[in-house]
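Quick caveat, the model's predicted, so the values are computed rather than measured. Reminder, nothing fancy here: chain letters follow the sequence lines and each chain counts from 1.
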8 protein chains.
Amino acid sequence: MSRAGGIPVPQGGEDVNESWQPNEAMAAFIELDGDRARRRGYPEAVYCEGKTPGQVSAVARAIRASGTTTLFTRAGPAHTKAVLEVLPDARYDEDARVLAWPPEPPAPAGGRVLVVAAGTADFGVAREAQLTAVYLGRAADLVTDVGIAGLHRILARLDQLRSARVIVVVAGMDGALPGVVAGLVSAPVIAVPTSVGYGAALGGVAALLTMLNSCAPGVAVVNIDNGYGAGHLAAQIAAPA
Amino acid sequence: MSRAGGIPVPQGGEDVNESWQPNEAMAAFIELDGDRARRRGYPEAVYCEGKTPGQVSAVARAIRASGTTTLFTRAGPAHTKAVLEVLPDARYDEDARVLAWPPEPPAPAGGRVLVVAAGTADFGVAREAQLTAVYLGRAADLVTDVGIAGLHRILARLDQLRSARVIVVVAGMDGALPGVVAGLVSAPVIAVPTSVGYGAALGGVAALLTMLNSCAPGVAVVNIDNGYGAGHLAAQIAAPA
Amino acid sequence: MSRAGGIPVPQGGEDVNESWQPNEAMAAFIELDGDRARRRGYPEAVYCEGKTPGQVSAVARAIRASGTTTLFTRAGPAHTKAVLEVLPDARYDEDARVLAWPPEPPAPAGGRVLVVAAGTADFGVAREAQLTAVYLGRAADLVTDVGIAGLHRILARLDQLRSARVIVVVAGMDGALPGVVAGLVSAPVIAVPTSVGYGAALGGVAALLTMLNSCAPGVAVVNIDNGYGAGHLAAQIAAPA
Amino acid sequence: MSRAGGIPVPQGGEDVNESWQPNEAMAAFIELDGDRARRRGYPEAVYCEGKTPGQVSAVARAIRASGTTTLFTRAGPAHTKAVLEVLPDARYDEDARVLAWPPEPPAPAGGRVLVVAAGTADFGVAREAQLTAVYLGRAADLVTDVGIAGLHRILARLDQLRSARVIVVVAGMDGALPGVVAGLVSAPVIAVPTSVGYGAALGGVAALLTMLNSCAPGVAVVNIDNGYGAGHLAAQIAAPA
Amino acid sequence: MSRAGGIPVPQGGEDVNESWQPNEAMAAFIELDGDRARRRGYPEAVYCEGKTPGQVSAVARAIRASGTTTLFTRAGPAHTKAVLEVLPDARYDEDARVLAWPPEPPAPAGGRVLVVAAGTADFGVAREAQLTAVYLGRAADLVTDVGIAGLHRILARLDQLRSARVIVVVAGMDGALPGVVAGLVSAPVIAVPTSVGYGAALGGVAALLTMLNSCAPGVAVVNIDNGYGAGHLAAQIAAPA
Amino acid sequence: MSRAGGIPVPQGGEDVNESWQPNEAMAAFIELDGDRARRRGYPEAVYCEGKTPGQVSAVARAIRASGTTTLFTRAGPAHTKAVLEVLPDARYDEDARVLAWPPEPPAPAGGRVLVVAAGTADFGVAREAQLTAVYLGRAADLVTDVGIAGLHRILARLDQLRSARVIVVVAGMDGALPGVVAGLVSAPVIAVPTSVGYGAALGGVAALLTMLNSCAPGVAVVNIDNGYGAGHLAAQIAAPA
Amino acid sequence: MSRAGGIPVPQGGEDVNESWQPNEAMAAFIELDGDRARRRGYPEAVYCEGKTPGQVSAVARAIRASGTTTLFTRAGPAHTKAVLEVLPDARYDEDARVLAWPPEPPAPAGGRVLVVAAGTADFGVAREAQLTAVYLGRAADLVTDVGIAGLHRILARLDQLRSARVIVVVAGMDGALPGVVAGLVSAPVIAVPTSVGYGAALGGVAALLTMLNSCAPGVAVVNIDNGYGAGHLAAQIAAPA
Amino acid sequence: MSRAGGIPVPQGGEDVNESWQPNEAMAAFIELDGDRARRRGYPEAVYCEGKTPGQVSAVARAIRASGTTTLFTRAGPAHTKAVLEVLPDARYDEDARVLAWPPEPPAPAGGRVLVVAAGTADFGVAREAQLTAVYLGRAADLVTDVGIAGLHRILARLDQLRSARVIVVVAGMDGALPGVVAGLVSAPVIAVPTSVGYGAALGGVAALLTMLNSCAPGVAVVNIDNGYGAGHLAAQIAAPA
């Protein structure tokens with residue numbers, strides 16, 4: 001998920017191997033890969049959770065040196081501080097826990113992405129999906145609080161739903177909204193379960209299962225709370241031809 | 001769930017204890033219980049699964065002797081044969097796998113029960129719920145194939161939904177229908193998950209979890225494929241004051 | 001679960017859509033829904049867990065403006081502070097972690113609700129169920145510490161149990177109390193598992209499974225620790241005809 | 001998943017309600033829906049598993065009457081016989097367990113779909129995905145036996161992988177192939193876990209989890225063995241603009 | 001669980017090692033073990049499930065040669081046939097699926113064992129427990145159909161319950177009976193979950209969890225459907241001093 | 001697990017019911033129960049986890065008033081402080097997190113209990129089992145650090161193991177020790193899984209399953225980390241005739 | 001797991017892609033891979049479960065054409081018939097459900113492999129491990145019925161255990177044997193859980209968890225019933241330097 | 001896992017038994033075990049998690065007295081402080097949370113161990129594996145950030161991978177790297193799942209299942225985050241002949 005593979009992680013131990021050097025046999029693939037990144041302009045992403053602030057800081061310094069567009073996702077306060085010290089002009093979104101650098105997203109191209117959140121507690125994950133799509137070069141709208149307990153709320157959005165090239169639907173608890181949306185539109189639906197709910201929500205597993213079992217075809221699912229993954233996939237689906 | 005407690009199961013072993021005899025201290029409770037059964041007219045139920053045909057036959061003979069109104073649920077072909085040999089006038093419903101004796105249900109009283117099935121494959125369980133409610137003395141309707149993949153189907157039933165005293169909603173796969181229905185009505189909703197679906201349906205556990213996590217209040221859940229339990233509870237909720 | 005669907009959540013981003021506006025096609029449903037709320041007088045509920053204090057505060061301000069009767073459930077200290085700053089006369093119950101506004105519940109109508117808690121540790125959830133039923137307009141009593149380890153405690157309550165229109169039974173650990181109660185009464189039983197117990201309680205999943213598998217018919221189950229859902233459903237079951 | 005909602009299921013019971021009649025309030029939505037089906041030309045699908053041959057036969061007769069393009073999925077021998085008696089010119093694919101009627105797929109339009117199967121045992125599910133995409137109007141290729149145990153097999157397909165608009169990757173056991181493919185291409189990847197493997201494959205749950213946790217972004221997942229759902233979603237993603 | 005460790009299993013392969021020969025260092029332990037078996041007179045047990053009839057037959061021949069008292073548990077029809085051909089006077093119990101040889105149990109000694117089964121479907125497992133205790137030398141009674149749905153049935157047995165040295169309680173579905181019994185007696189309770197019930201019984205896991213979480217102390221649990229293990233443990237607890 | 005059923009929990013709400021009053025029908029049972037407690041002299045137990053310090057304090061005051069011998073288990077620092085303020089002479093064991101009042105255990109009677117802990121991290125749970133048995137009137141020894149990774153440690157204890165009337169075996173991680181012990185002795189073994197171990201220990205579930213599947217007969221299992229339950233059951237098994 | 005990647009699977013559909021052709025960029029890797037196979041002489045393996053007899057037959061014909069040494073694992077009767085028709089001199093082992101072709105294993109080289117099976121029911125899986133190791137060129141012994149219920153059986157094998165280069169330990173039920181063995185030897189232990197046992201064995205998951213949680217270091221685990229994987233890994237560990 | 005079995009744990013209670021004394025019958029085994037430890041020179045290991053600092057300190061003092069080479073694993077800050085007070089020259093590695101005493105590892109012998117970590121967040125576990133192998137006397141390298149999302153990174157390491165005697169592969173999220181590596185090399189692969197990832201990673205269970213289901217043979221798995229176990233096993237596999 002990150003180009004940090006080629007960055008020497010600070011560890012000081014002499015029995016840790018030196019950083020990555022491609023051998024000759026791999027040259028063709030690497031070239032292709034570099035070409036792909038250049039062509040699409042997709043930003044790199046650094047998943048901060050489970051990394052130390054020092055590790056994140058080292059990655060940020062390497063990014064500053066290379067000038068690569070990058071998203072830092074799931075950034076806690078210490079990660080955020082570490083990134084902002086190195087990249088002070090990075091854009092920080094508190095709800096999404098995302099930092100983007102450089103701060104300006106690319107000009108939007110391709111189809112329109114719509115992110116729909118069932119409840120207020122799903123807002124952060126939905127926002128992460130929206131920002132990811134935006135920084136991968138798509139126009140992306142966000143609609144909140146349209147859960148199925150009051151069906152009129154989503155039905156009132158039919159025109160907006162039907163004008164999107166792809167819809168990301170974020171929901172916790174029963175996770176039923178993606179299936180309802182998929183039954184109303186032609187566009188593909190990416191479902192994101194969230195870890196919101198009482199005990200039998202099982203930290204989002206219940207919503208995940210609901211979405212996988214959607215009786216309306218046209219739904220695929222990403223990991224629990226993984227707004228980044230949904231936004232990335234939405235950007236790929238809505239990519240310009 | 002059965003009155004077989006007082007019936008000597010045929011086992012022939014001398015180290016099996018003689019049949020049940022109440023001691024004096026319990027007389028008050030037994031009397032109360034007998035009184036309760038007489039007053040409510042609720043039929044007994046015999047859960048056939050896991051019982052041998054011989055055991056079911058013995059229970060049927062005891063029922064014939066006592067004249068108690070009874071439902072035999074989850075009756076396979078061998079159970080059905082065993083019951084019909086003893087109680088040839090019992091009413092048999094193949095979809096519900098239920099036998100009722102005597103065949104005539106009581107005259108309906110109390111509120112109206114509505115049973116709603118999301119898909120065709122949920123029909124058997126829904127039918128079991130409907131028949132149970134009917135034999136416990138309620139008027140009960142059944143609506144099928146109104147799953148959320150085509151939301152217009154359930155929305156077209158709003159008047160019928162809103163006129164019921166209690167609604168039983170039967171659904172497999174994503175199990176999302178009960179939450180949608182609960183958001184549309186004032187009546188309590190009893191949700192019945194079914195074991196219908198692809199692998200991640202986990203034999204009905206996915207639908208069960210969806211229903212427990214319904215974001216619309218007013219939903220409670222019974223066991224997977226347990227149409228009998230749902231019909232019984234619906235009859236209690238809709239009981240005449 | 002909340003009317004916050006129509007409330008602009010504070011997010012400041014220009015790429016977030018403006019607040020909800022019904023289109024014409026939905027007018028009929030919305031009207032019906034508004035009518036339903038007016039007729040029943042059921043309060044709205046705001047599930048605080050997973051929401052920021054700022055989000056809860058915004059919802060509280062919208063509620064103050066509209067005058068809608070509302071319950072705030074699962075309110076932590078920061079949520080409570082946020083609500084009380086906006087609605088200083090709200091009634092706060094520490095055990096139930098519930099705030100109610102306006103503080104006076106409606107005059108009770110309909111049947112009597114009885115909430116039964118197996119142990120002292122289940123008290124908070126039971127209290128949430130009781131308060132929810134009370135604020136939805138029912139008379140509701142609460143009995144505690146009548147678990148099955150000392151069966152005489154629940155048997156001594158037979159008269160009280162049999163006089164209720166609906167019984168909410170709250171239990172952790174083995175979750176066996178609802179099945180025992182259901183075997184003693186005619187009324188429907190709503191079972192609430194709690195997350196109380198040693199490791200194999202699995203955070204309430206063990207009690208949940210017990211309740212779903214109750215061998216006494218007449219039991220339906222809500223989510224783990226979901227006193228609000230049980231109280232709401234009980235109020236619906238015991239609603240005046 | 002089926003238009004059978006409007007078809008009277010044969011049940012004979014007088015207490016089952018008459019077939020579906022839209023009320024006036026729903027007219028707008030139904031019209032929109034009908035319009036959508038007409039515009040896209042997507043076939044209906046009937047999920048046969050869990051339905052009786054009699055039910056499937058009734059659906060087939062209704063389809064013959066209406067002339068609607070239809071896929072019958074997960075058709076066992078008895079279902080297949082029932083369909084072919086009513087629709088003798090339906091095309092039957094034994095590997096995919098799919099029947100299509102009318103037998104000719106629509107002329108392909110939109111982007112190219114590529115279906116990739118890790119092993120021979122995944123062929124049936126992959127074939128179902130391919131046929132679904134074809135009958136929804138896409139050109140769709142199928143590649144088999146390119147699992148990660150011999151990485152050269154998938155790497156040798158790079159050009160083909162990179163020329164697809166969307167890739168469906170079908171894999172059992174470790175389910176690792178979709179993540180590997182996603183790391184090599186720009187196109188979105190739909191991952192389909194299959195129930196193939198030793199005991200800890202848990203009937204496909206292991207592969208499902210692998211796919212949800214893909215460390216390469218650009219992967220979304222459908223239900224276990226659900227080739228139909230993957231093919232449908234792929235057709236939507238690759239739909240002509 | 002079997003003395004088959006010293007018996008050459010028929011496999012014919014020359015690369016399978018010859019049968020067990022104790023080395024000198026182990027002599028002390030073996031002697032102790034032999035002494036223990038002789039002193040207690042406990043029969044050996046052969047768990048038939050997963051063994052081929054040929055393997056069971058070979059074990060039976062070895063047992064006939066050594067004259068060791070033996071129980072064959074979980075014996076299907078083919079196992080039963082194989083045993084009876086070698087040991088034609090073995091006692092066969094169809095409900096328990098147990099064969100005992102020699103057919104006469106030892107004279108009972110020690111405390112009294114009481115086996116209690118919640119429902120008729122639990123009878124086979126309860127019978128296996130009873131027979132195991134009897135063949136290990138205890139007096140053992142069996143009571144059936146005293147589940148908690150009709151509490152008066154178990155309360156009417158108080159004197160019998162309180163006169164046992166140890167009680168084995170067998171229950172499926174909610175598995176609540178052992179906790180109820182433990183609350184009524186001083187004796188230790190061994191709980192045996194059975195695989196009886198609707199889907200969320202999870203093949204006996206639900207009952208198992210209930211029993212592990214019993215809020216009455218004095219309950220310990222054995223494996224699902226493991227009547228043999230419960231009967232063995234009961235015999236040990238009730239052993240003469 | 002507590003006699004707190006008859007103690008008015010402080011809640012102040014007027015809609016909470018008054019404390020427990022037996023009705024006439026229950027008199028016989030209550031009398032029997034009181035007699036049982038008096039005869040056995042078993043202490044009451046209060047499970048502190050999930051109770052507020054205020055609730056525990058109220059229970060302690062009631063106990064002081066009645067003079068009932070009591071164990072407080074799973075007592076955190078705040079619970080301990082609350083109990084010691086009311087019962088300053090209570091004995092507190094920090095490892096077991098148990099408080100006992102009055103501090104002197106009864107004189108030991110009956111058979112000898114042996115508690116065996118696989119590792120140092122299992123010591124607290126083992127100590128809770130030992131203290132519980134001691135306060136229920138048994139002599140109880142404790143052996144630690146005899147896990148199966150060094151089999152000689154448990155084999156060196158054979159004489160001690162074979163002299164006990166009942167053995168409690170406490171183990172985390174693989175939970176294999178109880179099965180090994182049961183294969184070496186005639187006495188019943190109570191197995192207690194602990195929540196010690198790496199991730200796949202699943203908080204003790206792995207050890208729990210191992211113990212339930214013990215291939216040596218003579219093992220029964222209590223809940224994870226439930227030293228109290230094991231000690232209580234051991235005391236019952238080793239009770240004087 | 002199979003070289004079938006390069007074999008055209010018979011499917012007849014024109015929209016299935018032609019068979020595998022390496023592109024130029026991959027030539028280096030393929031060559032390396034071919035070289036590896038030639039150098040090690042490890043046989044290919046075809047996992048038959050989930051493949052049709054026709055598919056297996058096609059693979060067998062390709063193998064006959066190429067002369068590649070091959071194992072067919074998990075072969076049911078129809079698979080076996082299909083293979084023997086094409087490769088009549090293949091060696092078939094009924095216990096292991098393995099076919100080997102050509103029938104003669106290579107001359108053994110490298111260290112000695114020891115396969116240990118806890119019980120008779122584990123014999124088939126152990127035999128599959130043994131045969132796999134033998135056909136990969138190792139000397140491999142097999143010991144059965146040395147489960148921990150009678151510890152003297154495994155202790156009597158200490159010399160044999162300590163003379164092996166690597167030990168494969170196969171066990172169902174509690175899965176405790178690998179940890180016991182690992183505590184007695186210096187060699188690495190490969191643990192194979194089997195699906196043998198009562199309900200809470202969960203089809204081998206219980207034994208799997210036990211093995212992963214072994215408190216003796218030196219144990220690693222393969223999939224449930226996967227004798228092939230264990231034998232393969234053992235052969236790699238014991239490979240000649 | 002520790003020699004603490006012979007160390008009197010400080011508990012002060014008179015009813016805790018005195019420390020371990022071997023009886024005569026066990027002398028042979030103990031001697032053999034002592035001999036094994038002396039011959040291999042493998043360090044002891046103390047798993048600190050779940051132990052109190054006081055317990056760890058007592059173990060450290062015993063180790064200082066005996067001069068045994070020891071690793072303290074999973075050491076938190078308080079454990080580290082306790083060890084360093086007793087063994088001030090112990091080597092502490094913060095990433096691995098390991099203390100080694102004496103600080104100098106033995107001179108390397110045997111084959112080369114290679115530890116491969118998929119991502120930066122897996123570094124700590126990989127480091128623990130590396131240090132364990134080093135202190136058990138092997139040369140061990142460590143490679144990081146070569147996850148499958150960018151396949152060129154691991155392919156560029158082919159020479160290094162193929163020169164190792166055994167490879168430890170550490171990965172979280174999808175856990176797919178070990179299977180990819182195993183398909184590229186002849187050496188055995190030990191897979192270590194880590195608890196890194198979004199919700200459906202289930203704390204490492206998803207990666208664990210992936211690894212168990214590896215479709216490339218030659219992979220065995222240790223517990224989640226168990227770098228110590230992997231390093232130990234690798235050292236055993238790469239031991240000098």
- Query: Would you say the side chain of C:Leu142 lies within less than 4.5 Å of the side chain of C:Phe123, judging by non-hydrogen atoms?
  - Reply: yes

- Item | Interface moiety of E:Leu177 toward chain C, non-hydrogen atoms closer than 4.5 Å | neither

- Message: Looking at chain C, which one of E:Gly218, E:Ala207, E:Ala201 has the largest number of heavy-atom pairs inside 4.5 Å, strictly under?
- Response: E:Ala201

- Task: Using a 4.5 Å cut-off on heavy atoms from C-beta on, say whether the side chain of C:Ile154 contacts that of C:Leu161.
- Result: yes

- In terms of heavy-atom proximity below 4.5 Å to chain E, should C:Leu208 be classed as side chain, backbone, both, or neither? neither

- Where the side chain of E:Arg138 meets the backbone of E:Ala235, is there a donor-acceptor pair that is under 3.5 Å apart? yes

- Message: With chain E as the partner, which of C:Asn213, C:Val180, C:Val205 has the greatest number of non-hydrogen pairs under 4.5 Å?
- Response: C:Asn213

- Message: Please check this pair: side chain of C:Glu44 against backbone of C:Thr70, looking for a donor-acceptor N/O pair closer than 3.5 Å.
- Response: no

